[in-house]
Amino acid sequence: MESLKDLSIYNSLTGEKARFEPLHAGKVGMYVCGPTLYSEPHMGNMRTFINFDLIYRYLLKLGYNVKYVRNITDAGHITNSAGEAVDSIGKAARLEQVQSLEIVYKYNVKFQELNRIYNLLPPSIEPTATGHIQEQIEIIEQIIKNGFAYAVNGSVYFDVRAYSEKFEYGILSGRKVDELAEETRDLNAQDEKRFFADFALWKKANPEDMQIWRSPWGDGNPGWHIECTAMSTKYLGSEFDIHGGGMDLKFPHHEDEIAQNCGSLGCNPARIWMHANMLNVNGQKMSKSLGNYFLPKEIVEGTTDVFEKAYAPEVIRFCMMQAHYRSTLDFTSDSLNAAEKGFTRLQDAVSKLDHLPTTNENTTPEVSALIPSFYQSMNDDFNAPKLIANLFEAAKMIFAIEDGKAFISKNDLDELRKEMHSFLFDVLGIRMEKAAGASDEALNAAMDLVLEMRKTARENKDWGTSDKIRDRLTEAGIIVKDGKDGASWTVK
RNA sequence: GGUCUCGUGGCCGAGCGGCUAGGCACCGGUCUGCAAAACCGUCUACUCCGGUUCGAAUCCGGACGAGACCUCCA
């Protein structure tokens with residue numbers, strides 16, 4: 001059984017899959033870059049968070065005691081390479097004529113609501129950048145003390161050249177310091193920096209900034225990358241197991257985090273770096289200008305023009321789980337509809353688990369192989385699509401058992417039910433509640449009566465009445481289906 | 001321009017050197033008063049050109065194509 005817990009993880013740092021060995025037996029420290037709350041997270045953001053939720057859930061499933069830290073960026077990102085002040089949060093706040101704290105709070109409430117809708121487990125801690133200004137200042141002081149940063153006119157920059165004499169800048173993204181100059185498109189940003197690749201740790205305040213803090217270098221605000229270094233260190237220590245985020249954060253954000261950690265504490269913060277891939281919509285990266293941009297809530301409510309109909313959050317999550325976290329995923333009406341259909345099939349099979357015939361004979365070998373396959377798939381770098389294929393195999397076997405073409409013992413059935421539920425609900429995080437309609441008792445009672453009358457009509461071969469009831473109900477939005485065990489209905 | 005991914009059947013997507021996932025659609029069948037649904041079965045792909053190998057979708061080289069990052073971005 002122990003081999004069932006032999007997890008391998010792909011490490012972006014090495015470009016290889018390796019057996020996972022936690023730094024401290026039985027415990028995992030994981031840090032994931034969370035949302036920047038100057039707007040509502042879009043569907044692409046959600047995919048990353050959902051993927052790390054899956055990873056968190058599987059680590060828990062394997063019995064690890066996981067400390068999962070996902071930060072909230074609520075301090076403005078300060079500079080771009082051109083050296084212009086870009087205080088995203090302040091900008092959005094002024095636009096909407098409110099205080100920055102107010103806008104961050106507003107979007108945080110929305111973000112937490114999305115977490116519930118999409119069934120994400122709450123992380124162990126969700127620390128905010130603004131709540132850790134002091135820690136950030138202390139890290140910056142340490143980096144200066146170690147000789148890897150310098151202060152200029154109230155700002156502090158990381159000294160990439162000094163750093164690269166002792167450490168390797170670019171180990172994560174495969175960049176070479178000497179080559180960085182050639183690949184930078186904009187070379188106008190020299191201004192205060194000694195070297196074009198240097199990046200801000202602390203930026204002097206502009207008069208129009210909405211968020212300003214005091215520091216040893218004067219009033220200002222922290223650089224974009226330093227908050228993660230400060231918070232990961234505070235909650236997980238100088239070195240921990242897993243650091244994750246979206247692919248687009250690999251450079252410069254994560255590269256600079258490594259530099260800051262090495263520059264202050266002498267080591268790479270994480271043993272394993274994991275990067276989740278992007279979500280495409282209709283073959284292209286989600287973008288407002290392409291018209292394929294939508295919010296996680298809009299697709300659930302059917303209020304986006306990108307798709308013709310609404311999709312349940314479980315269906316969206318299921319669709320996402322059918323692609324590996326390291327692959328790009330394309331959302332189209334076809335892929336979503338396919339996921340919806342498949343999800344229903346799996347749902348049917350799972351519900352049959354509760355009243356499946358068992359035998360005293362041996363369980364069919366194909367059925368016995370099911371549970372180990374679930375673990376093997378997930379142990380292979382969290383291969384959820386493969387797990388789902390295994391679950392469909394299980395569905396097929398469940399139908400076969402029902403038809404008497406395969407067999408399962410009582411004990412094995414109990415075990416299969418337990419593990420299928422666990423992988424579906426706990427690991428994939430997919431809810432399988434009964435479809436809507438069941439909540440309205442009056443409607444249920446009325447439908448029971450109508451279907452009973454129709455049943456009588458059918459027994460009398462009164463097809464006219466029978467079909468009239470079905471057609472009128474269809475018009476009213478209620479679909480009636482005649483099965484072997486009588487008629488069933490769903491609201492559509 | 002630089003760095004790096006990737007190119008799988010009608011569509012979405014696993015695969016990491018031999019045993020050729022899975023879902024959806026299509027088609028065929030079972031069931032059914034009809035319809036729908038459901039279940040069963042079928043369909044055998046790997047951008048192109050070289051190379052390595054007994055054997056390649058899978059490794060190497062090249063071409064073409066797509067995308068990401070280099071600038072706020074999950």
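- The residue K405(A) sits apart from the nucleic acid: no heavy atom pair falls under 4.0 Å.
- Two residues are said to be in side-chain contact when any heavy atoms from C-beta on lie closer than 4.5 Å; K250(A) and W273(A) fail this criterion.
- R175(A) contributes no side-chain N or O that forms a donor-acceptor pair with the base of C4(B) under 3.5 Å.
- Nucleic acid contact for E402(A): none, since no nucleic acid atom lies under 4.0 Å from a heavy atom of the residue.
- Among the heavy atoms of the strands lying under 4.0 Å from G245(A) are primed sugar atoms or P, OP1, OP2 only; no base atom is included.
- The base of G13(B) is not paired with the side chain of S335(A) by any donor and acceptor separated by under 3.5 Å.
- Within 4.0 Å of T48(A), counting heavy atoms only, lies at least one base atom of the nucleic acid.
- Between K341(A) and A25(B), a side-chain N or O to OP1/OP2 separation shorter than 4.0 Å is present.
- W463(A) qualifies as a stacking partner of the G33(B) base, centre to centre under 5.5 Å and near-parallel within 30°.
- Side-chain contact between T48(A) and N45(A): absent, with no pair of heavy atoms (C-beta onward) separated by less than 4.5 Å.
- R326(A) forms a cation-pi arrangement with Y10(A), by the criterion of a distance under 6.0 Å to the ring centre and an angle within 45° of the ring axis.
- If you check every strand for non-hydrogen atoms under 4.0 Å, L279(A) touches a base.
- A close approach under 4.0 Å does occur between a side-chain nitrogen or oxygen of R345(A) and OP1 or OP2 of C39(B).
- Nucleic acid contact class of H324(A) (heavy atoms, under 4.0 Å, all strands): sugar-phosphate only.
- A donor and an acceptor atom never sit less than 3.5 Å apart when one is taken from the side chain of D334(A) and the other from the base of G10(B).
- A sub-4.0 Å separation between OP1 or OP2 of C11(B) and a side-chain N or O of N337(A) is absent.
- When the side-chain nitrogen and oxygen atoms of S327(A) are compared with OP1 and OP2 of A14(B), one or more of them lie within a distance under 4.0 Å.
- Between Y375(A) and F423(A), the ring-plane angle classifies as perpendicular under the 30° and 60° cut-offs.
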